[in-house]
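Notes to accompany the following structure.
Order of the sequence lines fixes the chain letters, A, B, ..., with proteins taken first and strands second; residue numbering starts at 1 for each chain.
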Amino acid sequence: MDQQLKIELSQQGIFATTMEELYNWGRKNSVWPLTFGLACCAIEMIATTMARYDLARFGAEVFRPSPRQADLMIVAGTVTKKMAPQVVRLYNQMPEPKYVIAMGACAISGGPFKQGYSVLKGIDRYIPVDVHIPGCPPRPEALIDAFITLQKKIDAQALTGEARPRHLRDDTPSEFPVPTYGAHDLQPAKNPTLWHITTNATSPKPLPTGTDESGRD
Amino acid sequence: MSTSMEASTPAAHQGFADATMIDHESDLLQISLGPHHPSTHGVFRMDVVLDGERVVKLKPVFGYLHRNHEKIAESTTYLASIPYTDRLDYMCSLSNNWAYALSVEKLAGLQVPERAEYIRVIAAELTRLQNHASTIGFLMQEMGASGTPLMYAFREREKILDLFEALTGSRMMCNYMRFGGCRVDLPAGWLDQARKTVDEYPRFLDEFESLLASNEILLARTQGVGVLPPKLAIQGGVTGPILRASGVNYDIRKVDRYGIYERFDFKVPLGEHGDVYDRYMIRMLEMRESLKILDQALHQITPGPIIDPKAKIRGFRPKPGEAYGRIESPKGELGFYLISDGTPNPYRYRVRPPSLINLTVLEDMCLGSSLADTVVIFGTIDIVLGEVDR
Amino acid sequence: MTALAYNSLHHASPQAADQIFLIVQHWIVSHAPAGLQSLLAILLSVVAIVGGFGLLFAITTILERKGLGRIQNRYGPNRVGFFGSLQPIADAIKSLTKEDIVPQTADKLVHLLAPILLVLAAFSVYAVLPVGRNMVLVNLDAGVLFFFAIGSVTEVAVFMAGWSSRNKYSLLGAMRAIAQMISYEVPLILSSLTVIMATGSLSTVTIVEKQAGFSRILPHWFLFTPWGFAGFVLFMIAATAESNRSPFDLPEGESEIIAGYYIEYSGFKFALFFLGEYLGMFAISGLAITLFLGGWNAPLPFLTWVPSYLWFFAKLLTLIVAFIWVRGTLPRLRMDQLMNFAWKFMLPMALLNLITAAVWHFMPSGPVRWLVSIVLVVVPYTLLGRNQMHKSHLEKRVYRFAE
Amino acid sequence: MNLEEIKSTLEAAIPGCSPQIVTNGSPSGQHSLLLDREHAFVAAMFLRDDPTLCLDYCSNVTGLDWLDTETSEKVKVTQLVDGVEKEVDEVRKTRTPGYLEAVYHLYSMQKKHGPLVVRLRTENRTDSVHLPSFTPIWRSAEFQEREVFDLFGIIFDGHPDLRRILMWDEFEDHPMRKDYVEPDDYEYEPTPHDAVLKKALEHRNRISTPDGQGA
């Protein structure tokens with residue numbers, strides 16, 4: 001419906017809505033998160049649901065412990081390589097439409113623990129992330145902000161046309177391959193169909209090389 | 001929309017529950033609690049074999065939050081490890097700071113000014129208050145009290161976090177203590193605010209206790225459940241409130257007299273039965289003792305330097321040698337074992353995690369009790385996965 | 001407007017307002033062809049029940065979320081609509097449009113049937129609940145019996161759900177649910193037997209009518225007799241267990257078995273479980289109102305002008321609020337404690353209550369009858385209660401302190 | 001009882017036992033007792049059960065990895081150079097084989113004293129890395145010895161349940177060893193600095209194709 005017309009109608013006390021808007025309105029106002037905490041950020045996530053910050057105001061206090069009944073996965077904390085397969089599996093078990101908030105530096109990129117053998121360098125290597133929220137850990141206000149950002153994102157989704165969301169397309173998967181434990185690392189170390197390095201980072205602009213790093217062979 | 005109906009293979013359930021396969025041959029049911037489970041405090045996993053609802057075997061599985069903390073600390077400087085210690089037991093970052101600073105001070109032979117010692121005691125006891133309150137809240141949550149006690153506990157926790165934020169700039173990850181002192185001095189008005197919070201705290205405790213302590217369902221769920229005999233507790237290396245709930249008088253604040261704890265008048269509450277109720281009550285009583293210490297410390301503290309001027313913060317290179325320092329963290333004995341080889345990085349950096357070692361006796365406490373009790377017993381051990389797996 | 005409706009509306013207002021739904025129904029039916037009139041009348045009643053209690057379900061979900069929020073020092077949903085009043089609609093839209101997942105190894109037919117059966121059974125029992133004067137779908141002579149018989153189908157539905165999902169947690173939840181519901185059905189039925197003894201009828205309508213009238217300002221509800229009071233308390237405890245509400249929410253105990261028997265259900269089927277559970281709670285509260293709280297009768301003599309169905313729903317909402325309050329306050333029992341409580345406390349108390357009711361029935365009215373009945377209720381209660389506490393050695397403890 | 005006395009008591013109580021004192025240069029003054037592998041278990045049992053020591057609480061167990069070290073020293077040697085005897089500087093390299101070490105911190109809860117630091121050493125770092133397990137004596141060592149096994153690769157004989165604890169079972173390396181090479185996944189570093197920058201550069205040099213896009 002024409003936006004202008006709608007505004008005029010609403011000024012005259014007539015609220016016109018479309019199926020698309022109703023659907024998006026319902027989805028965005030009833031986002032039930034999965035009870036799923038990984039590390040430090042989980043405590044801040046709990047604090048967000050508690051009395052002072054009260055995520056329930058947005059209709060999101062129904063933390064469902066079973067992934068089958070959840071809409072949103074808040075990856076709150078460090079995803080280790082041992083945990084990554086389970087995170088992907090949980091994501092696969094959630095019904096569409098489903099959303100992911102990567103909460104905190106660790107979930108985004110490994111954060112302070114990125115150098116090392118056992119921490120996954122970002123959960124978006126395996127599952128698609130809707131909202132990234134930086135911080136170590138992010139404050140509850142930041143999580144609420146991420147939540148509102150997600151709501152806005154849902155609200156803006158068109159249900160037809162090329163830009164329609166993943167769960168309405170036939171050519172996009174709703175499940176993603178689960179990595180397996182290897183002898184030295186996870187196999188595979190990333191999901192190449194999902195994870196692309198932004199052009200900025202792959203650009204041949206040299207990193208500030210201090211020494212002539214030949215590296216290992 | 002692609003249906004996940006077809007694609008959801010049995011393997012897809014493994015991480016969640018290992019739950020699709022039911023063994024028809026035996027009457028025993030093997031289930032896996034975790035790593036994603038509402039009451040495992042994060043990503044802990046217990047492989048439980050059930051006979052009906054009775055636990056006949058329980059094996060903890062760790063490592064889902066192994067963040068190679070020790071490896072990182074060995075490849076960085078002494079100072080740069082302090083933020084990492086915050087993230088060990090992320091409920092009580094200030095206690096972790098203190099334990100690490102204490103160990104480094106032992107390693108390098110540094111002295112701490114008096115004011116800094118007072119600030120450390122105040123910070124550590126505030127940490128203990130909020131940790132114990134949240135632990136009890138989580139315990140009630142595990143008993144199925146739909147969040148109300150947890151909400152009340154977190155309401156008080158937020159007040160203490162406000163103090164931390166005013167002092168250190170961060171709610172949870174304080175990164176506050178330094179070798180030979182503390183990072184910054186108390187901001188103006190902080191002491192008054194802290195005194196106010198401390199004075200109001202007993203009201204919350206009274207309210208909490210009157211709501212919980214004589215609730216018959218709570219008594220029935222906790223008394224005589226998960227009994228830990230004192231011999232087994234010592235043998236299993238259990239420390240902290242769990243050990244004292246079993247009746248063993250061992251509080252490192254009294255034994256080692258680290259910091260300035262000998263100046264304060266406080267007692268160590270001891271349990272007799274070593275069951276879940278005792279562990280819950282000991283935490284309640286310890287909070288009251290912490291309030292006593294806080295009350296004394298907040299009134300005795302005097303102005304002065306907060307860090308030893310001789311202590312080198314940058315380019316810190318202790319002499320070769322080793323040291324093991326430990327404190328009584330809210331969870332038990334938190335120790336750091338450091339070896340210096342004279343370089344800016346520690347050669348070996350080891351955390352003695354109380355949470356991990358307290359789990360040694362988990363199976364003994366749970367065997368023969370029901371699944372519901374297992375969750376409650378596990379809740380009273382009070383673990384934080386960041387510390388268990390590091 | 002037809003003559004019938006016109007006449008009725010012109011009558012004195014209490015009658016008209018009280019019977020408004022019946023009048024509207026008659027008016028609509030009178031326009032239908034003669035052959036379809038009876039069918040249409042039934043359909044209309046069914047639509048009214050489904051719509052009315054469906055709406056009550058929506059109201060209860062928001063009431064529960066707001067109420068729990070209040071108990072816990074927070075606001076609860078307040079962003080959608082006026083004070084969050086549109087929250088249930090958003091939840092409904094979301095649930096309806098969610099993907100439906102059936103595990104590959106599940107028994108697909110049973111998996112599908114379980115929530116449907118649950119909701120059907122929950123709705124069926126409303127047929128015998130008198131929600132207002134003359135407002136009952138069928139006045140069965142064995143109404144209470146019908147209620148319990150159909151109500152038991154929910155147990156089958158729960159077990160079907162738990163078993164067909166092929167998940168160990170759901171199986172555990174189903175086992176817990178079956179054990180709990182069957183155990184608590186015994187005190188539930190025994191405690192309602194007292195009312196059946198007193199009224200000599202199984203018809204819900206007759207039971208409500210027997211509770212009409214007042215002695216001075218005290219209504220003739222069975223709640224205001226010693227056996228009725230004890231029966232009501234026992235009934236409500238058993239009802240809490242029957243509808244899997246806290247502190248008896250073991251079959252879905254979140255902290256232990258995650259979501260219990262409906263762990264594998266998603267989308268609309270999950271919403272059906274939610275609906276079925278709440279409907280079961282309303283139905284059993286409705287029966288408690290019918291049996292003990294005087295049904296649709298007004299509580300005070302000077303309030304009889306208020307339409308009868310409003311009284312029914314007011315009492316229902318009161319009981320719902322009590323359910324929510326209990327949920328926000330109490331921790332959960334353990335399975336063996338639950339069973340002990342059912343068989344060692346609830347069952348003897350319910351049996352003794354039958355004797356009390358009989359004594360009450362055969363003694364001449366007067367203070368002696370009250371005294372004897374109260375003694376018959378209070379003494380076994382204290383004895384049994386003390387026995388329970390004593391056996392499990394529950395006590396407040398004293399702690400020693402080391403220097 | 002100081003370390004010297006404990007040493008002599010052990011020597012007296014257990015025939016063949018020869019503990020050594022390892023001194024510690026730091027101001028902490030926590031010197032330690034090195035037990036030989038053969039008698040370590042009996043000695044530990046003695047330490048726990050001796051009524052005066054009564055070390056009933058094993059607080060901390062950890063592993064250490066000492067790499068092979070090469071020390072070079074200059075030695076003056078007389079040599080025939082062009083028929084003339086001359087004193088010549090020669091660099092002699094002595095290679096000390098590395099070893100793995102398990103360190104136990106023992107306390108007494110009953111007597112409230114401690115710590116006594118006990119060390120055990122393996123012969124080398126690769127093939128002979130067996131040590132006796134102290135888990136039968138102090139159960140608190142159970143998970144910690146498993147951790148040392150997982151991260152350092154010391155095999156504790158007599159441990160009831162020696163499996164990997166932190167890493168997954170299929171994992172083959174021992175990551176806390178000093179020569180461990182971590183998996184290389186530094187494809188994308190938006191703000192590299194310090195050690196991460198070094199590793200990102202190494203990664204870039206190793207992979208000629210634009211990183212991340214292939215595979």
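Contact annotation for Glu74(B): only side-chain heavy atoms (C-beta onward) come within less than 4.5 Å of a heavy atom of chain D. Within the 4.5 angstrom heavy-atom criterion, no atom of Val61(B) approaches chain D. Contact of Leu151(D) with chain B is made through the side chain alone, with heavy-atom distances under 4.5 Å. Proximity to chain B (any heavy atom under 4.5 Å) is shown, for Arg164(D), by neither the backbone nor the side chain. When heavy atoms are compared at a cutoff of 4.5 Å, Pro320(B) approaches chain D solely by way of its backbone atoms N, CA, C and O. In this structure, chain B has heavy atoms under 4.5 Å from both the backbone and the side chain of Met176(D). Contacts of Asp65(D) with chain B are made by backbone atoms alone, with heavy-atom separations under 4.5 Å and no side-chain atom involved. The part of Glu142(D) that comes within reach of chain B is its side chain, from C-beta onward, which places non-hydrogen atoms under 4.5 angstrom from that chain. The part of Thr239(B) that comes within reach of chain D is its side chain, from C-beta onward, which places non-hydrogen atoms under 4.5 angstrom from that chain. When heavy atoms are compared at a cutoff of 4.5 Å, Leu359(B) approaches chain D by way of both its backbone and its side chain. Only the side chain of Val117(D) comes within contact range of chain B, with at least one heavy atom under 4.5 Å from a heavy atom of that chain. Interface residue Glu147(D): only side-chain heavy atoms are found under 4.5 Å from chain B.
If you tally non-hydrogen atom pairs under 4.5 Å between each of His66(B), Lys106(B), Glu105(B), Gln235(B) and chain D, the highest count goes to Gln235(B). Between chain D and the options Gly236(B), Gly325(B), Ser103(B), Ala108(B), the largest number of non-hydrogen pairs under 4.5 Å is found for Gly236(B). Your options are Asp56(D), Asp150(D), Asp161(D), and the one with the most heavy-atom pairs under 4.5 Å with chain B is Asp56(D). Between chain D and the residues Leu107(B), Asp389(B), Val255(B), Leu110(B), the most heavy-atom pairs under 4.5 angstrom are made by Leu107(B). Contacts with chain D were tallied for Lys254(B), Arg390(B), Glu70(B), Lys71(B); Lys71(B) has the most, counting heavy-atom pairs under 4.5 Å.
The distance from the OG atom of Ser329(B) to the CG atom of Asn96(B) is 6.5 Å, given to the nearest 0.5 Å.
Between Phe44(B) and Phe378(B), the ring centre distance stays below 6.0 Å. Checked against the 6.0 Å centroid threshold, Phe149(D) and Phe156(D) do not count as a close aromatic pair.
Between Arg326(B) and Asp256(B) there is a salt bridge, since a side-chain N of the basic residue sits under 4.0 Å from a carboxylate O of the acidic one. Taking a cutoff of 4.0 Å between a charged side-chain nitrogen and a carboxylate oxygen, Glu363(B) and Lys59(B) qualify as a salt bridge. Under a 4.0 Å N-O distance rule, the pair Asp364(B)/Arg139(D) qualifies as a salt bridge. A salt bridge links Glu328(B) with Arg244(B): at least one charged nitrogen is closer than 4.0 Å to a carboxylate oxygen. Ion pairing of Arg125(D) with Glu101(D) is absent here, as no side-chain N (NZ or NE/NH1/NH2) approaches a carboxylate O to less than 4.0 Å.
Using a 30° and 60° split on the angle between ring planes, Tyr180(D) and Phe171(D) fall in the tilted class, from 30° to 60°.
Summarising the local packing, NZ of Lys112(D) is surrounded by more than 12 heavy atoms from other residues, nucleotides or ligands at distances under 6.0 Å.
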Dump the intermediate steps for side chain to side chain contact (heavy atoms under 4.5 Å, CB included) on Phe46(D) and Cys17(D), then the final yes or no. CA-CA 12 Å; Phe46(D) 175 82; Cys17(D) 180; over 6 Å; no
